[in-house]
Student: 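Okay, here's the structure, questions in a sec.
Naming convention: chains lettered A, B, ... in sequence-line order (proteins, then strands); numbering from 1 in each chain.
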Protein chains: 2
Amino acid sequence: MAGRAAEPEVIWARPERTGRGPRPAYTRADIAAAAVRIADAEGLDAVSMRRVAAELGCGTMSLYNYVPRKEDLYELMVDAAGGEHELWEPSGDWRADMLRVAHQTRALMHRHPWLPRLMSPVYGFSPNALRYLEHCLACLDPLPEPYGTKLELIAMLNGIVTTYVTNELATDERTRSLPWSQERENAIRIAYLGGRIATGEYPRMAAAFAEDAGPIDLEAVFERALGRMLDGFGPRR
Amino acid sequence: MAGRAAEPEVIWARPERTGRGPRPAYTRADIAAAAVRIADAEGLDAVSMRRVAAELGCGTMSLYNYVPRKEDLYELMVDAAGGEHELWEPSGDWRADMLRVAHQTRALMHRHPWLPRLMSPVYGFSPNALRYLEHCLACLDPLPEPYGTKLELIAMLNGIVTTYVTNELATDERTRSLPWSQERENAIRIAYLGGRIATGEYPRMAAAFAEDAGPIDLEAVFERALGRMLDGFGPRR
DNA sequence: TCGTAGTTACGTACACCGTACGTAGTGCGC
DNA sequence: GCGCACTACGTACGGTGTACGTAACTACGA
């Protein structure tokens with residue numbers, strides 16, 4: 001009694017099972033899986049404590065025995081998704097390996113479109129985050145730089161992937177979600193933008209739109225961004 | 001009657017004033033300013049339709065005359081913050097100018113810590129976003145690349161700034177928010193991480209932490225990231 | 001072996017959220 | 001001057017996170 005002590009600790013620091021009392025009906029993995037299932041099928045906003053509890057088949061407040069705050073539920077989800085990273089024996093070519101990491105992360109985020117929104121702090125040292133980091137560092141073994149630099153590289157890689165995938169997803173979303181037909185939405189946008197540009201206040205924007213290099217290949221843009229970033233590291237040039 | 005047509009359009013495409021009926025009591029700028037004031041003082045989560053209406057001194061539902069959905073309120077906020085960008089006559093050195101842009105954006109985000117969270121799609125063509133883009137393009141005039149490449153550069157710059165500031169803010173937040181004293185929180189984290197590392201499963205992570213190059217200088221990390229990114233562009237090397 | 005303390009489970013309740021809808025009043029364009 | 005499009009705003013609905021109280025259960029210390 002006397003108020004259960006609120007625990008600010010990282011969820012990974014508290015043991016999943018303490019030994020006292022009846023054995024918990026679910027594991028953290030169960031809970032994470034349920035939340036991920038909902039988020040995949042109905043979007044992140046559908047993930048509420050009530051909904052997850054219903055998916056598990058337990059009372060809403062029972063969830064709070066496993067997850068002190070909703071934020072921690074999110075951490076469980078991110079970790080579960082991170083577990084889908086398949087790791088491999090480093091090839092010896094750190095550049096190729098890091099490109100492969102980036103593409104895998106991108107695929108992961110496309111499979112779980114809610115991931116980017118939950119990844120604001122680069123990584124929270126969840127079990128699978130540690131596995132992932134260790135793997136990246138292993139891939140970077142051939143790179144003659146201190147670990148500090150390697151961690152910077154990894155952070156930057158994750159940042160770029162997150163940024164680009166977020167953009168891709170936003171574009172997808174925009175074209176899919178509204179039944180006001182994409183053409184109508186686009187027409188409105190173009191009309192507005194065209195009107196703005198026609199004022200002559202933005203000559204370079206006008207030129208950029210006039211340039212019109214056909215439909216932009218987002219995949220290629222992603223590739224170029226990665227390449228340029230990795231060029232910034234590597235053996236002293 | 002017959003249901004007011006829900007309007008999916010971008011808020012910037014609808015005129016602020018139509019001419020008919022009583023003149024609106026507030027301008028979009030008033031509303032944006034109120035929301036920004038609240039977000040700055042009490043955090044983004046304190047920005048609710050009710051709260052903003054109260055700040056303005058009007059009824060909650062009156063806000064919906066100006067802003068069809070809450071999401072549009074966010075757009076107003078982002079645009080208002082974007083208006084704080086001070087633009088200058090390009091120096092002729094595009095690299096220096098872009099660094100200056102980056103630092104200014106970073107400062108802006110530190111002044112308005114809620115900004116990164118609202119900037120998921122790189123930019124939504126709000127009035128101030130257009131001003132900003134045009135200015136960046138002007139700074140990039142000396143760079144002999146097509147506009148497509150320049151836009152990629154700008155997107156990447158914004159992405160990196162957002163990523164790094166998000167990290168900085170998360171760190172700040174973590175150290176500030178909880179009165180459980182930062183030492184306690186840190187101690188728990190270190191203990192957990194140390195325990196994990198001690199298992200020997202993560203030898204490179206262990207080495208990375210052992211490297212211990214003193215307290216990390218986030219500012220310097222930011223600078224290096226920018227430099228490396230800009231190196232990826234520039235005259236053919 | 002047996003209390004008892006620490007857990008699990010979960011229903012109820014509260015304060016808050018976004019916003020659909022209806023109604024009343026206002027002032028411009030025809 | 002009429003009518004209509006607009007502003008203003010109160011009420012209400014279905015949702016949210018979660019504090020708190022209670023009952024059942026089990027592993028440990030005596």
Student: Rounded off to whole Å, could you give me the OH-to-P distance for the B/Y74 and C/dC17 pair?
Tutor: 11 Å
Student: Please give me the minimum heavy-atom distance between A/G83 and A/R131, naming the atom from each residue.
Tutor: O-NH2, 3.8 Å
Student: Please list, in numerical order, the residues of residues 40-64 of chain B that have a heavy atom closer than 4.0 Å to any atom of DNA chain D.
Tutor: B/R50, B/C58, B/G59, B/M61, B/S62
Student: For B/R23, is the CZ atom crowded, meaning more than 12 foreign heavy atoms sit under 6.0 Å from it?
Tutor: no
Student: Could B/R106 and B/F222 be counted as a cation-pi pair, given that NZ or CZ must be under 6.0 Å from the ring centre and within 45° of the axis?
Tutor: yes
Student: Would B/W114 and B/D45 count as having a side-chain donor-acceptor pair, cut-off 3.5 Å?
Tutor: no
Student: Would you mind telling me which of C/dT19, D/dA8, C/dT8 lies closest to the side-chain atoms of B/N65?
Tutor: D/dA8
Student: Consider only side-chain N and O atoms of B/Y64 and B/D72, and report whether a donor and an acceptor are under 3.5 Å apart.
Tutor: no
Student: Of all the choices, C/dG25, C/dT19, D/dT18, which nucleotide is nearest to the side chain of A/R69 once you look at every atom?
Tutor: D/dT18
Student: Residues in ring pair (Phe, Tyr, Trp, His ring centres under 6.0 Å) with B/H110, at least two apart?
Tutor: none
Student: What is the distance, rounded to the nearest whole Å, between atom CD of B/E71 and atom P of C/dT19?
Tutor: 9 Å
Student: Could you tell me how far apart B/K70 (NZ) and C/dT19 (P) are, to the nearest whole angstrom?
Tutor: 8 Å
Student: Which is true for A/Y66 with a 4.0 Å heavy-atom rule: it touches a base, it touches only sugar-phosphate, or it touches nothing?
Tutor: sugar-phosphate
Student: Starting at CZ of A/R14 and ending at C1' of C/dT7, how long is that distance when rounded to a whole Å?
Tutor: 12 Å
Student: For B/E16 and D/dC6, give me the distance from atom CD to atom P, rounded to whole Å.
Tutor: 15 Å
